[in-house]
Amino acid sequence: MQSLVNQPGSAITQSLRGMALCHPDTIKVHFDPDYVERTAPCPSGKVAVISGSGSGHEPLPIGYVGLGMLDAACPGPIFTSPSPVQLMAAVHSADHGSGVLFIVKNYAGGVLNTELTIEMALQEGIDARYVLVNDDVAIPEVANRRGLGAATLACKIAGAAAESGYSLDATVNVTQRAVAASRSMGVGTNVNTLPRNGLGVNLADDSIELGVGIHGEPGEVRSVKQGMPEIVDLILPPILDDLPFAPRDRVLLLISGMGGTPPLELYLFSEAIHERMAAHQLRVERQLIGNYLTSLGRGGYTMTLMKLDDELLGLWDAPVHTPALHW
Amino acid sequence: MQSLVNQPGSAITQSLRGMALCHPDTIKVHFDPDYVERTAPCPSGKVAVISGSGSGHEPLPIGYVGLGMLDAACPGPIFTSPSPVQLMAAVHSADHGSGVLFIVKNYAGGVLNTELTIEMALQEGIDARYVLVNDDVAIPEVANRRGLGAATLACKIAGAAAESGYSLDATVNVTQRAVAASRSMGVGTNVNTLPRNGLGVNLADDSIELGVGIHGEPGEVRSVKQGMPEIVDLILPPILDDLPFAPRDRVLLLISGMGGTPPLELYLFSEAIHERMAAHQLRVERQLIGNYLTSLGRGGYTMTLMKLDDELLGLWDAPVHTPALHW
Amino acid sequence: MGQEITTSQLRKWLLAYAARIIENEAHLTKLDTAIGDADHGVNMRRGMSKLKERLKEEKQSEDVSSFLRSVAMTLISGIGGAAGPLYGTFFLRAATSPTNGSSIDLVQLTQMFRYGLDGLQQRGKAQADDKTMIDTMQPAVEAMEAALAAHQSPAVILAAARQAAHLGMKHTIEIEARKGRASYLGPHSIGHQDPGATSAYFLFETAAEVFTKTGAG
Amino acid sequence: MGQEITTSQLRKWLLAYAARIIENEAHLTKLDTAIGDADHGVNMRRGMSKLKERLKEEKQSEDVSSFLRSVAMTLISGIGGAAGPLYGTFFLRAATSPTNGSSIDLVQLTQMFRYGLDGLQQRGKAQADDKTMIDTMQPAVEAMEAALAAHQSPAVILAAARQAAHLGMKHTIEIEARKGRASYLGPHSIGHQDPGATSAYFLFETAAEVFTKTGAG
Ligand SMILES: Nc1ncnc2c1ncn2[C@@H]1O[C@H](COP(=O)(O)OP(=O)(O)O)[C@@H](O)[C@H]1O
Ligand SMILES: Nc1ncnc2c1ncn2[C@@H]1O[C@H](COP(=O)(O)OP(=O)(O)O)[C@@H](O)[C@H]1O
Ligand SMILES: [Mg+2]
Ligand SMILES: [Mg+2]
Ligand SMILES: [Mg+2]
Ligand SMILES: [Mg+2]
């Protein structure tokens, strides 16, 4: 039933309306230009935190709108970043004079649209900045690294900081620290494909795609004979060595399915990760397992580690009330 | 990467361990026989609520173990109900002398294993009963109706009743009322298949399988030209007419993906449902949208409506602290 | 009727049964793929592997009842699904039939099957023609009882059981399922042989092979 | 250099451009499927549909700058992805180039392209040979400037731009991507023509067609 999601335009609009109808106490949706804002009132002087993203990665970004996280979010077409017109509408809704922070995954479209929006906002006298999320160690050149699970973490950290009264500078700084302390990698498990086009080749039953992107960007096809532990041994060293993470580091572990991964398999993946965390003497202080950054209905998962300190831990634990995160 | 989930035995064990490692504050897992128990202490005199299920439907049942829901749960092999040996181990762990209630989806294996277990428990002097969950209106004969989303609701209602001190009789009664007030139906969207065997035929891009089961039991293949509203119009009348639900009824709406459904599509489905709820003047007092009853990684969704009264609403709202439900 | 079947011969029977099921795992799963959830072979093989483990320990002069009870518990924990409690109840109840301690004669063997069948039927509440293992077992047990009443030889009694079981199993092809997962298919279940009726047939087939060879004469 | 291009002729050019892109939607998406995320055609078609809507309203004696600015805003809101802000910035910046009010001459047209290119390059920070639309635009603008300096006729200037754009577009087949999604492919991006370089080529192709026909002479 690929066609359900493929109706250009209207599927996004209806899905957006669906999300708002499912969470009427938390979010409010606007159309044309499309954006979503929180219903919870803002403390005065609060910095606005906004994120835009192509659709198909739900709950990101709309599911992160609400108290303690995003003030507003904009969904683009499938896998295509939203326009400055949408982003400016979100700015006008969320800005209360203390400035705006955009959380942007490092893809050309997201960065370019945000930079253009920031120029427009500055012309209107609104102080606007962005933090670039680039946690994907599958890309060797740091400048080209894509944004993965750290986008979820950055939205939470920035939102908690803003909610608790951090200034724009301070919110930018702590969010940049959160991203700088995070590393991720993705694994595709079923179809080596661009979901939109139904193209692509089925992976063999014993094969994965290592370092896959969340828009069908291909990874490296590897045959895996030993099951999950072998997969985790392929992604963990690049993650751990890059920061690097060291024994006794306190970490936050985020495991996200890509939308087509059975929960059974996600917990299988988690088990192998936890075993290695213990072997590396990493202290998993907090964890989140579920669908937090998806790629339409493809099979696969991403793993993200963030090195924690007391400030980041406090901001992570701060109350949040959104469709996707709630505590 | 079908093979990851298909390793008989060890995949279940490892996934179970994974779930426990992800929720160490909430659940504790035992092996051989396999069962999971809550870590939260039980109020004295509390009735024990237990559910067993074949694996592949996660979070059901293990994700519902914890304060305010299940005291223990047993996972069987993929799509195969757990054995009386497992269920008795759960009984021994959870029974504190006030009796045991099993929540059983209406499939031959589940019912037969539970009945055998109850005979064993009675021989040991333990008062044990079961409530049969049979909410699937896709099956015309009421006696054969399968258990779908009402299993999640029954676990919550029974758990809240037991936690708040209901007797075994009273817990059985209110849980039976909850099931009797619930109706469901499933829709398959991608592969008309038994996931385990990789058999089956891909559905055409504009086709769905109406009334599909959660173990690959086939539904009726239908071509759908108008998208989601048309799908909802196929499943809603059988659900509404069966109870029947009437205008101004207060209802709880549960929408669950089957494990391979993108969140975007699930919200699209929700939107069409909400529109019809309004048209039928049904008052959606509570709702849950996500993966609550899955069928490995297949594409599709189930919709469940429960007619609410004050008692059921109160039990639904009662605190719960499990891997999958938390408030 | 002087033939005595010892616990050790019952063990041989069940070892032969386990081997036959394991040989036929793919076949049973294929049958369950057509009208069920594609696991009957997997379930039975899992149970049979445990049963073979259990049967390795040959205890000296074990009595028939406790032997059958331990077989039952092994199958209950090992098979799973619908078939586990059904076969388990069959042997649990068979274990309560009359014996001579560590052996049974052919009258008692027939009673053992009757007790097992009745227990299984109470457990599953299926009738003849519901397209289940009952359709194999009920005619087989009735054929044994009739042959016994007609004072037939052990070999003839066992052959009659096997033949009736075979006919019953084949009969499931023609009928519509009213119990178990196949019942969801309604009339679409017609034309397919029931997997449980098939695994049940092997009970009588191997009984005829093992008890005729070892016991007759 | 007496030829004047009016706002109405710019409108004709962009209508021709929109039509050319819409004809080539599948082709552009196919190119983006090989080395991107399979949406460049979809993105450009979405933008061009909006642009056609916008161009329907023909305002009397609209001045070139505000016309180009409104084209920019339409593309910014309509295209999305990476291409949206890039083409948007191109026209936003082009709108700041010198004009004669409601017309421009060929010098000013060349300046308009130069302003647009510089703006796009500042926005995207791509260099020549990064395998992007820059590889089409930069040689095309340089060819216009050279032909202008050599006092060529309008037709020759526009033909030079089109030819250089075409060569630049084809050159992207041979090089490795260093910007945009195709950069994730590293050396695997070689052998594929860049989708953005292709959509950018049509700007110069339709300019040559429209301005040579309507304006020259
Ligand atoms: N109520 C019943 N009474 C007797 N036999 C039954 C009953 N329900 C199911 N069966 C038998 O069980 C078989 C299926 O067993 P199996 O596939 O192992 O379990 P499941 O149906 O749980 O997957 C059916 O082929 C049928 O013969
Ligand atoms: N930094 C950049 N500078 C110039 N052009 C770029 C840059 N990044 C990408 N592009 C162009 O954008 C094109 C892709 O556009 P499109 O597919 O619409 O957007 P997206 O990459 O967001 O899906 C590429 O083919 C390339 O020509
Ligand atoms: Mg894109
Ligand atoms: Mg089964
Ligand atoms: Mg079966
Ligand atoms: Mg693209």
Side-chain angles (χ1 to χ4, degrees), chain A residues 6 8-9 12 32-34 52 54-56 74-89 106-120 136 138-141 143-146 193-200 211-220 295, chain D residues 25-26 29-30 32-47 49-50 72-93 119-126 130-133 176-186 188-189 196:
Chain A
N6 275 359
I12 309 288
D32 218 358
D34 299 359
S55 291
C74 301
I78 300 274
F79 294 173
T80 301
S81 65
S83 74
V85 177
Q86 291 175 265
L87 293 169
M88 278 308 291
N106 188 25
Y107 301 95
V111 174
L112 296 173
N113 281 295
T114 305
E115 287 182 348
L116 189 48
T117 305
I118 287 177
E119 285 178 20
M120 294 173 174
D136 186 355
I139 306 293
E141 315 78 59
N144 283 346
R145 282 188 177 172
R146 300 173 292 215
T193 189
L194 296 162
R196 187 184 350 222
N197 288 24
L199 301 171
V212 79
I214 53 169
H215 312 89
E217 300 98 323
E220 191 187 329
S295 177
Chain D
E25 175 186 342
T29 289
K30 202 173 146 212
D32 199 28
T33 302
I35 56 171
D37 61 347
D39 64 358
H40 189 58
V42 180
N43 293 343
M44 292 301 291
R45 196 249 310 117
R46 189 174 46 234
S49 305
K50 288 216 179 180
M73 290 314 295
T74 306
L75 298 183
I76 286 171
S77 75
I79 299 178
L86 291 168
Y87 280 111
T89 304
F90 179 90
F91 284 99
L92 265 189
R93 196 60 87 76
L120 190 155
Q121 201 154 11
Q122 277 164 30
R123 170 75 57 226
K125 297 177 195 76
D130 280 354
K131 196 176 184 118
T132 69
M133 43 183 76
E176 180 176 333
R178 284 192 299 245
K179 282 278 169 187
R181 280 183 213 283
S183 67
Y184 308 135
L185 293 173
H188 297 291
S189 63

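Below, chain A is the first sequence line, B the second, and so on; all start at residue 1.
For Asn106(A), the part lying near chain D is the backbone, with the side chain staying farther off; criterion is any non-hydrogen pair under 4.5 Å. Heavy atoms of Arg46(D) lying under 4.5 Å from chain A belong exclusively to its side chain. For Met88(A), no part lies near chain D; criterion is any non-hydrogen pair under 4.5 Å. Residue Glu119(A) touches chain D through its side chain alone, counting heavy-atom pairs closer than 4.5 Å. Using a 4.5 Å cut-off between heavy atoms, Ile35(D) makes no contact with chain A at all.
By number of non-hydrogen pairs under 4.5 angstrom with chain A, the leading residue of Ala82(D), Gly81(D), Ser183(D) is Gly81(D). When each of Ile139(A), Leu116(A), Thr117(A), Val85(A) is checked for heavy-atom pairs under 4.5 Å with chain D, Leu116(A) comes out on top. Taking Ile79(D), Leu185(D), Asn43(D) one by one and counting their heavy-atom pairs under 4.5 Å with chain A, the maximum is reached by Asn43(D). Options Gly76(A), Gly110(A), Pro77(A), Gly54(A) differ in how many heavy-atom pairs under 4.5 Å they form with chain D, and the most are formed by Pro77(A).
Between the side chain of Thr89(D) and the backbone N or O of Gly119(D), no donor-acceptor pair lies under 3.5 Å. A donor-acceptor pair is defined here as one N or O able to donate and one able to accept, closer than 3.5 Å; such a pair exists between the side chain of Gln86(A) and the backbone of Asp34(A).
For Lys125(D), the salt bridge (charged side-chain N to carboxylate O under 4.0 Å, His left out) criterion is met by Glu115(A), not counting sequence neighbours. Not counting sequence neighbours, Phe90(D) has no partner by the ring-ring contact (aromatic ring centres under 6.0 Å, His included) test.
Closest approach of Arg123(D) to Leu86(D), counting heavy atoms only: CG-CD2, 3.9 Å. Of all non-hydrogen atoms in Phe79(A) and Ser295(A), the two that sit nearest each other are CZ-OG, 3.8 Å. Nearest heavy atom pair, residue Pro75(A) against residue Ser55(A), reads CB-OG, 3.6 Å.
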